[in-house]
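Okay, structure first, notes after.
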Amino acid sequence: MNIKVKKATFFYGKRCIFNNINFELNEGEMLTILGPNGVGKTTLIKCLLGFSQLNQGNIFFDNKLYKDINKKIFWKKISYVPQIKEFNFSYDVKSMIMLGRNPYIGFMKMPEKNDHYEVEKIIELFNLEKIKNKSMNNLSGGEKQMVLIARAMVSNPEMMIIDEPELNLDISNQDKIFKILNKLIKNKKVSCIINTHNPINVIKYSDLSILMKKDLSYYYGKTNEVLNIDNITDVFELSKDYFKKIKDKIFLEV
Ligand SMILES: Nc1ncnc2c1ncn2[C@@H]1O[C@H](COP(=O)(O)OP(=O)(O)OP(=O)(O)O)[C@@H](O)[C@H]1O
């Protein structure tokens, strides 16, 4: 699915959160959104999903305005994974993932053989066999996060929008999630928009990036062009020394 964002501007009351943002993402591409806490990354995602309305500008999905798209079709094509804070889920893992099949199952209907097959396939892909019968409430934060991403993927969406997938995940599981997403994007031509705080995942896996700055300006382009030390230190207001030690300790030794 293609998304085009043109001159997007959003205010909370009198406070401008972002101003005149433009970007485009095509099928089979991953776009990552980075920036300091409170800069407006989640707000931008909420506007893309129609949860909040832009004050100015437009968002097109496959060249159609959000308001002109049938919402049932929209939610069949798009999977959204919000930030998990302290949710309480009264489901076991398998039932939770099955919820992702809802667009296919229909109101008051039971899952069919194919729905169970898709859920089992995802459970295997995410290595969740050992916990598939456990209650969601008894999982660690990282396990919950994996299940929510699995649930989003089981509906075979055309676009996935994920708010901080690395939250609660150790670096190995972060890499696993990004690797799975990358494979899905490239094999099934899904497009993916991810809010993240981890530049390593971004450099390894994303095609395009937006770096949002507190002064409402932003960098946008191919990840390997925009995610450089100058831009990161500028956006996060870091000194260049910040990278010196890790450059010597980690990157030169691998
Ligand atoms: N409903 C709201 N009303 C007014 N201000 C809000 C509302 N929701 C968020 N904000 C403010 O808007 C700004 C952007 O918030 P947002 O959650 O988009 O930031 P973020 O970049 O996603 O942050 P983080 O990296 O910490 O998740 C913040 O200063 C936040 O306090």
Side-chain angles (χ1 to χ4, degrees), residues 3-25 30-59 61 66 78-87 140-142 144-149 152 159-171 173-175 177-178 181 191-206 208-221 223 226-229 231-239 242-243:
I3 182 169
K4 277 190 201 85
V5 174
K6 291 192 176 168
K7 298 186 175 178
T9 298
F10 181 84
F11 286 77
Y12 274 126
K14 286 189 177 160
R15 183 179 158 210
C16 185
I17 302 296
F18 51 82
N19 182 37
N20 201 9
I21 286 195
N22 296 280
F23 67 87
E24 179 169 0
L25 178 73
M30 181 190 288
L31 170 94
T32 41
I33 306 174
L34 295 109
N37 290 127
V39 79
K41 301 179 297 296
T42 299
T43 308
L44 178 58
I45 277 187
K46 285 183 180 166
C47 290
L48 301 182
L49 291 161
F51 299 158
S52 299
Q53 306 305 316
L54 294 178
N55 294 79
Q56 280 170 36
N58 285 307
I59 300 166
F61 294 89
Y66 175 80
I78 295 193
S79 270
Y80 166 53
V81 186
Q83 278 184 24
I84 52 161
K85 297 271 160 71
E86 275 313 302
F87 278 110
S140 73
K144 274 185 200 163
Q145 183 74 322
M146 296 278 259
V147 173
L148 291 185
I149 295 171
M159 176 177 283
M160 292 185 72
I161 299 185
I162 311 179
D163 205 349
E164 291 188 37
E166 72 271 16
L167 215 69
N168 297 312
L169 294 179
D170 67 47
I171 47 176
N173 276 329
Q174 287 185 35
D175 193 57
I177 289 287
F178 272 83
L181 287 170
S191 39
C192 195
I193 298 178
I194 301 181
N195 270 356
T196 177
H197 284 296
N198 188 335
I200 294 179
N201 299 327
V202 176
I203 289 166
K204 277 186 80 177
Y205 296 108
S206 99
L208 297 163
S209 292
I210 298 176
L211 282 83
M212 294 171 74
K213 275 181 73 173
K214 282 184 190 154
D215 67 2
L216 306 183
S217 65
Y218 68 98
Y219 297 102
Y220 161 65
T223 300
V226 289
L227 215 78
N228 54 46
I229 289 184
N231 291 349
I232 293 176
T233 49
D234 179 29
V235 166
F236 291 97
E237 296 169 8
L238 292 163
S239 91
Y242 175 83
F243 288 101

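All ligand and atom numbering here is 1-based and tracks the order in the structure. Position 1 is the first residue of the sequence, and the numbers go up from there.
Residue contacts with ligand 1: K46 is excluded, as none of its non-hydrogen atoms falls under 4.0 Å. Using a non-hydrogen distance threshold of 4.0 Å, M212 does not register as a contact of ligand 1. In this structure, G40 is part of the shell of residues with a heavy atom less than 4.0 angstrom from ligand 1.
Of all the atoms in ligand 1, the ones that sit under 4.0 Å from a non-hydrogen atom of I17 are 12 (O), 13 (C). Taking a cut-off of under 4.0 Å to the non-hydrogen atoms of Q83, the atoms of ligand 1 that pass are 27 (O). Applying the 4.0 Å criterion to heavy atoms of H197 picks out, from ligand 1, the atoms 25 (O). Interface of E164 with ligand 1, defined as ligand atoms under 4.0 Å from a residue heavy atom, comprises 25 (O), 27 (O).
There is no side-chain donor-acceptor pair under 3.5 Å between E166 and N201. In summary, the side chains of N198 and T196 do not present any donor paired with an acceptor at a separation below 3.5 Å, with no hydrogens or angles considered.
The protein non-hydrogen atom at the shortest distance from atom 26 (O) of ligand 1 is N37 ND2, 2.9 Å. From the protein, the heavy atom lying nearest to atom 23 (O) of ligand 1 is G38 N, 2.8 Å. What sits closest to atom 4 (C) of ligand 1 on the protein, heavy atoms only, is Y12 CG, 3.5 Å. Here the protein heavy atom with the shortest distance to atom 17 (O) of ligand 1 is T42 CB, 3.6 Å. The shortest contact between atom 16 (P) of ligand 1 and any protein heavy atom is with T43 OG1, 3.6 Å. In this structure, atom 25 (O) of ligand 1 lies nearest to the protein heavy atom K41 NZ, 2.7 Å. At the top of the distance list for atom 29 (O) of ligand 1, counting protein heavy atoms only, stands R15 NH1, 2.9 Å.
Counting all heavy atoms, side chain and backbone alike, L25 lies closest to C192 at CD2-O, 3.7 Å.
Of the heavy atoms in D163, none comes closer than 4.0 Å to ligand 1.
Below 3.5 Å of separation, one finds an N or O of V39 facing an N or O of ligand 1.
By the side chain to side chain donor-acceptor pair (under 3.5 Å) test, Y205 pairs with D175, sequence neighbours left out.
Separating the CD atom in Q53 from the CD1 atom in I59 is a distance of 8.5 Å, to the nearest 0.5 Å. The CG atom of N195 sits 11.0 Å away from the CG atom of L167 when rounded to the nearest 0.5 Å.
Looking only at distances, no side-chain donor or acceptor of K41 sits under 3.5 Å from a matching main-chain atom of I194.
Heavy-atom contacts from other residues, nucleotides or ligands closer than 6.0 Å to CD1 of I203 number more than 12. Summarising the local packing, CD of Q56 is surrounded by 12 or fewer heavy atoms from other residues, nucleotides or ligands at distances under 6.0 Å. The local environment of NZ in K6 is sparse, with at most 12 non-hydrogen atoms from other residues, nucleotides or ligands closer than 6.0 Å.
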